[in-house]
Amino acid sequence: MPGRIRAEDITAVKERTSIEDVVRDHVTLRPAGVGSLKGLCPFHDEKTPSFTVRPSVGSYHCFGCGEGGDVISFVQQVEHLTFTEAVERLAAKAGMELRYEEGGGPRERGTSLGKRQRLLEAHRVAEELYTQILLDQGRADARTGRDFLRERGFDSAAVERFGVGFAPQDGEALTRHLLERGFTDDELVAGGLSGRGSRGLYDRFRGRLVWPIRDTTGDTVGFGARRLFEEDRIAAKYLNTAETPIYRKSHVLYGLDLAKKAISTERQAVVVEGYTDVMAAHLAGVETAVATCGTAFGVDHIKILRRIMRDEADLAPAKVVFTFDGDAAGQKAAMKAFGEDQRWAAQSFVAVAPDGMDPCDLRLAKGDAEVRALVDRAVPMFEFAVRTTIDRFDLDTAEGRVQAMKAVAPIVGSIRDASLRPEYTRTVSGWLGVEVEQMATEVRRAGRLAPQGDGDRPGPVSTDEVPEPVAGETPALPAPDLRDPVVRTERQLLQALIQHPQQLPEAAVDSIPADAFTAPAHRAVFDGIRIAAASGARVGSAAAWVAAVGEATPLGVRGLVAELSVDPLPVRYDPTSGLPPQRYLDALVAGVRDAHLGRRIADATASLRRAENDPASGSGLVNELRTSLQALEIERVRLRERVS
Ligand SMILES: [Zn+2]
């Protein structure tokens, strides 16, 4: 057992260590009165800084939670270390060798270091070896790694800046190297550097490029490793250090050691998805870029960034930009942030590159400026979540708009700050081109349906999908909904067209647009009618006409044609001729055309509203849409005049 650290060495460590520098590794501080500094407390959640450091006396105190002490207790608390471990850590940082009260001969000193400090040292040695191997021009296997980096636009200066290395393929090089340096089997396994197999220890990372993952103080605590070779028996593209006494993936952000300063001064962080993206972003001038290591961005990451960004209540909100490759996973992450932390969601932004390129690809293809522009163009997380949901629907149709509204309503409804909801409702109704009141009703409905409590909020509601027609098969069309008066009029017109072709001249049929019928089954029957009419069947017998219409319609709706051909019209027939009144039939044609025009007007109004709400659309487009809307309205007025 190592003895106690000599008292005078402990004093020396405190003297040679600046508490301000040590605290600044975790908290951004600002001056607060003579001789003191303030920041957000790392030991409790707060929005107004009450954590105070007095460098001249070497102490800290939090007026919020009461924690306080000297630099050693700070390191103990913030990094969860024992007293001895904290002193050893600070001594190592200050380049001091510690002396122990007993058993502290120079031979044993190496092993007398605390376990954590030993693991950090092992990582330092490992990183050194990995880098050396990568840069060894004589090594063929390392060349694959160098090629990989060069192809992604990283020169040797970049490799050095980020400490990238290469874990050799032979599988034992690092283990041998560390054992020679006096590290034990247990230490290598505990640190996640070696695995224990039936034939002894083997290197955890083999034949992979490795990135050192560092804590905020700059010490390497783990590695991320990328697959390079086909024969790599581990299929995973990226392999990260597993949880160890010094590495907790939920608490580390790759690149934070390099980005910390810029994050603190710019009060902005950019979260990218991989090691090469962090490198590319920094090299492109986005020095606030970090990435999670093999885990999703979580609440602990939020806490770390908040303290560094000084996310304080009386300052303008700090900003976090997520770069997603525009896929479903990215959207899911965005939605998750919404459910978890509203304040956080409000200051989160999303940047999606055109073609879904990640920052590394973007820098290669379009250069540094484009990477910076990507970050500058980031849109609020809320807008991203809503827009990606809306994109799944066809807003040019009334059904599409209704479905989009239903899908988006839960997102708007999830905004817990009730004072913000009306504003968002108005914004979203503008994007959709629907009435604000309609949207508000949908949001209220979504709110009633939402589960209570803090359970998982359901994602965007999936839409009822109409099955895709399969070649050679007749799709089953949904039965027309006869509760809808428009659908009822459609049905009566079809009945009239089938039962009384002689009363509805060809011109009348031609005046009905092909898409005038809303029910898909009705549309299919009308298609059959037009096909049969074009073949001249209207001039034949009533029975021949019905048969021709039936033949011209898909198998799935022939039953409906038969039904329509016998179902009497809901009108008083002329007692002498036995026919329905002509006025009634003309009104059916006009009714269906009127409803169709009404839908086109609604669509045109929605397009116009969206264009007016979109700063990107020019006045030319707005005027064009306004003109075509007017034309439709005039057409409807004329139609109605003719009927009356
Ligand atoms: Zn506190």
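Computed from a prediction, not measured in an experiment: that's the story for all the values here. Numbering of ligands and ligand atoms starts at 1, following listing order.
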The Zn ion (ligand 1): which protein N, O or S atoms are under 2.8 Å away? Cys41 SG, His44 ND1, Cys62 SG, Cys65 SG
Pairing residues for Phe223 by the ring-ring contact (aromatic ring centres under 6.0 Å, His included) criterion, not counting sequence neighbours: His123, Tyr130
Member of Asp368, Asp358, Thr276, Asp277 meeting the side-chain hydrogen bond (donor to acceptor under 3.5 Å, both in side chains) criterion with Arg363: Asp368
Would you call the rings of Phe162 and His282 parallel, tilted or perpendicular, taking 30° and 60° as the class edges? perpendicular
Tyr60-Phe51 aromatic ring centre distance below 6.0 Å: yes
Begin with the C-alpha distance, continue with both residues' side-chain angles, and end with the deciding distance and a verdict on salt bridge (Lys or Arg N to Asp or Glu O under 4.0 Å) for Arg89 and Asp215. CA-CA 13 Å; Arg89 185 138 166 68; Asp215 66 13; 2.8 Å; yes
Quick one: does Arg267's side chain have a donor or acceptor within less than 3.5 Å of a partner on Ala316's backbone? yes
